[in-house]
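Structure, as structure tokens:
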Amino acid sequence: MKLQGIGAAPWLAVGRAVVWQDEQLPPGTRATGDAKAEMARLAAATQASRAQLEALAAGLAAAAGAQGALILRVQLLLLQDPMLMDGVRNAIEHEGASAGHAVATATRDLVAQFRALADGSIRERAADVEDLGRRLLANLTGAPPRRPASGIVVARNLSSSDIGLLAEQRAPGLVTEEGGPAGHMAILARALRLAAVVGAPGAVARIREGDLLAVDGISGEVIVNPDEGTLAAFNRRLEEQYSLDAQSHKRKYLPAVTRDGIRVEVAANIGTPAEVGPALAAGADGIGLFRTECLFIGQPESPSEDEQYEVYRSVLARMAPRRVIVRTIDLGGDKPAACWDFPAEPNPALGMRGIRFALARPALFRTQLRALVRAAGAGKLELMLPMVSSVGEVRQARALLDAVREELGVAGSIPLGAMVETPAAALLAAELAAETDFLSIGTNDLTQYVLAVDRLNPAVAALYQPWHPAVQRLIETTCDAALRASKRVGVCGELAADPRATPLLIALGVSELSMAPGAIPAVKDAVRKAWRHQPEVHLP
Ligand code: PEP
Ligand code: MG
């Protein structure tokens, strides 16, 4: 039998199926007379859940980079979100409910509300709410919230903590019924190098526990109990994958140079200092994207200037003499932070996010810039601005940066770049290149905005295509403009991690590719096979 889904992480895996059926939340005992004791039990379970999630986030950060930790922090945020926790506390204090009953009921209500919403990114959060409710309940009853993931996990949907578990237990792959190539499952699977097929309808009902699965994360095909010939052919491809991986790992610390001798910087995307070690171990030539919003997300309070300074200083010092490109806070949109007040917006992806958010809160932005300018001496620092859509935003940010430098008495400028993530930025690439020191193309958002496809909405996931000619044309426009202005152009979105895109991006003039550390060895090898300028061909 064959199932067809969407290839979400381009690796192959063969293994036995571990089928995760949807679990019902246990009801919990309805009533107790002792609200004080139940509140104390709730506090203990909340604390235990926080500790477990933080441990999982640290594991994911090390294995999958910033994106992994960031996605899991959504649950840490939920743990302090009044939307869930006020309902729980009310039921205990005013309705005499037991802590277990209150958690089960509030979780079920919130999941139902989220599932009913049209917004795809919020619907995706329902899995996280459910998962968190289950974790709280398990901690209330003392049962560890663990499920074995020793084979290829087949499920309707996976929460970020489920994927943390897959990483911990080194599961070789996953197959899900829901999700798309740009959803959180796919992002994490790619960062963890798991073979992943998402959006495979009927997978949970049609695959049985223990079935042998051959999962093709490239074509999206899942072969259930393959015959001998099919299995042998699949295993040959698997061997090839292992051997290519092993070869590229041997060369990962060497520079990536094209056939015609052009050096391409292959750098890592990180979100926390804990990821510097894995980036260096993967052979990173530098940091091409430090997602500094990760320092804010999941924190009850905004980190102080000194706290930020210490983080930036340590990353710069450990990476020196390599370049570190720090992206200024990219909060808002799908990245809210508990420590800042985000007014509800009808369409957050088109609202106060990225550079707009930073410029609208000059005190917050100034604190970050001060910390960065103070840390600059520790290594090779460059800054870049997220979600730029006009030249004015770059000028405003540069003025703030200059004022901060003057205030701190720091001579010497810090290179400043603009991210190209909106169609406006790509179409204004010439003007932006004239105002900046470099451009960096964020293909994740660029794809979303060019194609008008929410990157988190599974309903339109099949339309999310970085290879779409409209996206490719804007990448080309951006590269042309940067080269004409003699400025560097890099790519730091997910497309940079795809070795199939490497020859094209290099031919367009991209000189820096930045990605989750796990992809670095294979992309370095792809650079070595590529040409910047095609050789002259002499016809006979
Ligand atoms: C991008 O949009 O391509 C990008 C690199 O930024 P993020 O994924 O953090 O939005
Ligand atoms: Mg982006």
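Remember, it's 1-based here, ligands and their atoms both numbered in the order they're listed. Heavy atoms only: backbone and side chains are in, while hydrogens, waters and symmetry mates are out.
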Inset, instruction - Under 4.0 Å from a heavy atom of D445: give me the atoms of ligand 1 that qualify, with their elements. - result: 1 (C), 2 (O), 3 (O), 10 (O)
Inset, instruction - Take every heavy atom of E494, measure it against each atom of ligand 1, and state whether any distance is under 4.0 Å. - result: no
Inset, instruction - Pick, from Q448, R327, M419, the option with the minimum heavy-atom distance to atom 6 (O) of ligand 1. - result: R327
Legend entry - Side-chain ion pair, R455 and E494, N-O less than 4.0 Å: no
Inset, instruction - Kindly confirm or rule out an N or O of R455 lying under 3.5 angstrom from an N or O of ligand 1. - result: yes
Legend entry - Polar side-chain atom of D162 near backbone of S159 as donor-acceptor pair, under 3.5 Å: yes
Legend entry - Sidechain N-carboxylate O distance under 4.0 Å for R353, D330: yes
Inset, instruction - Report, in ascending order of atom number, the atoms of ligand 1 lying under 4.0 Å from any heavy atom of E421. - result: 1 (C), 2 (O), 4 (C), 6 (O)
Legend entry - Pair R374 + E305: basic N to acidic O under 4.0 Å: yes
Legend entry - Qualifying residue for salt bridge (Lys or Arg N to Asp or Glu O under 4.0 Å) with E265, from K380, R322, R323: R323
Inset, instruction - Assess D330: does it contribute an N, O or S atom lying under 2.8 Å from the Mg ion (ligand 2)? - result: no
Inset, instruction - Output yes when R313 and E310 qualify as a salt bridge under the 4.0 Å nitrogen-oxygen rule, no when they do not. - result: yes
Legend entry - Close-contact set for ligand 1 against L289 heavy atoms, below 4.0 Å: 5 (C)
Legend entry - Heteroatom of D445 nearest to the Mg ion (ligand 2) (N, O or S, atom name): OD2
Inset, instruction - Could you list the atoms of ligand 1 found under 4.0 angstrom from a heavy atom of G493? - result: 3 (O), 5 (C)
Legend entry - Pairing of D498 and R190 as salt bridge, 4.0 angstrom limit: no
Inset, instruction - Output the atom name for the N/O/S atom of E421 with the smallest distance to the Mg ion (ligand 2). - result: OE2
Inset, instruction - Side-chain contact test, heavy atoms from C-beta onward, threshold under 4.5 Å: evaluate it for E393 versus R356 and give yes or no. - result: yes
Legend entry - E293 N/O under 3.5 Å from ligand 1 N/O: no
